[in-house]
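Report on the following structure.
Treat the numbers as computed from the prediction; the structure is a model and nothing was measured. The basis for the numbers below is simple: all heavy atoms, side chains too, and nothing from hydrogens, waters or symmetry mates. One-based numbering, in listed order, for ligands and for the atoms of each.
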Amino acid sequence: MKQEILFKLGVGHPWADSVQYYPVIHSTNDEAKILAEANAPQGTVLIADKQLGGRGRMGNSFFSPEDAGIYMSVILRPSCHVTELMHLTCAVAVAMCDAMEAATGYRPSVKWINDLVARGKKLGGILTELSTSPSGQIRYAVVGIGINCNQTEADFPDELRPIATSLQMITGKPVDRSLLAAKMIQFLENLSQNLLAEKSAILDVYRHDCITIGQDVRVIQQSRERFGKAIDLLDDGSLQVRFLDGSVEAVQSGLVHVRTLQGYC
Ligand code: BTN
């Protein structure tokens, strides 16, 4: 797998020497954080064929069966304050839509903030973890991406079957996982160069890819549940919601659950 990825990445790619491959791992994000603490450089890429403890946001697990998906984490070291990086998950989502489109011809959508979706089901997700100095400067960011590639419906456990899908199920064709992994690395490297300078353009693409904007949503904050409509994405990645009482609020990811009113998406 590693040699195929490097071949498809092309000669002289700046991150080629930092690609690390694991047949099986607990979680590429956990391992990436260990490497980042040990000063691994920006562009260190970890790819596994299987995860035993793949993690998602909000304490969820990420189903990571052998050879069926892509489980990747990348270490980034942007030199900025955490407040300038609130759009990172959105930017990675755009890069992953670009990578899937380049590798398969199919462009998925995004469910705010970090879910990659297709036809109302989850194709994958992004888990961003930041380490900052006491003053809030970024020490490193670990960006973890999981994409369901070649699963069939029967491969998903009962509880995921109604809400999960794979690129193969969507396109009807098996996915060349090493090609997709190479495209993901290429678009992430490109993103690492444009992350701050191109923020506004990146967020415009996100607004276009994001199916949550314009939908009726249920916002669950601690034990409080409110209904409204998602009206926009703000520059810090928060979702602007107009609630039924007319008030408009920016909803931050991590603090609340946002559910659309039509099932998973
Ligand atoms: C989510 O669905 O909330 C995010 C899922 C992120 C899964 C990826 S797989 C590679 C990396 N390692 C992990 O443990 N999680 C991320």
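- From Ser178, atom OG reaches atom CD of Gln3 across 11.0 Å, with rounding to the nearest 0.5 Å.
- The ligand atoms of ligand 1 that sit less than 4.0 angstrom from a heavy atom of Arg55 are 5 (C), 6 (C), 7 (C), 13 (C), 14 (O), 15 (N), 16 (C).
- Of the heavy atoms in Ile145, only backbone atoms (N, CA, C, O) come closer than 4.0 Å to ligand 1.
- Looking at Gln51, its side chain does come within 3.5 Å of a backbone N or O of Thr28 through a donor-acceptor pair.
- A pairwise comparison of heavy atoms in Asp245 and Ser247 identifies OD1-OG, 2.7 Å as the closest pair.
- Glu37 and Tyr140 are linked by a side-chain donor-acceptor pair at a separation below 3.5 angstrom, with hydrogens and angles left out of the test.
- Here Met72 has backbone heavy atoms under 4.0 Å from ligand 1, and that is the only part of it that gets that close.
- Hydrophobic clustering (side-chain heavy atoms under 4.5 Å, transitive across Ile, Leu, Val, Met, Phe, Trp, Tyr) keeps Met100 apart from Phe187.
- Around atom 4 (C) of ligand 1, the closest heavy atom drawn from Asn29, Ile126, Ile147 belongs to Ile126.
- For Met58, the heavy-atom gap to ligand 1 stays at 4.0 angstrom or more.
- Applying the 4.0 Å criterion to heavy atoms of Thr28 picks out, from ligand 1, the atoms 10 (C), 11 (C), 12 (N).
- Taking every heavy atom of Asn114 and a limit of under 4.0 angstrom, the matching atoms of ligand 1 come to 1 (C), 3 (O), 4 (C).
- The aromatic rings of Phe156 and Phe63 sit tilted relative to each other, their planes meeting at an angle between 30° and 60°.
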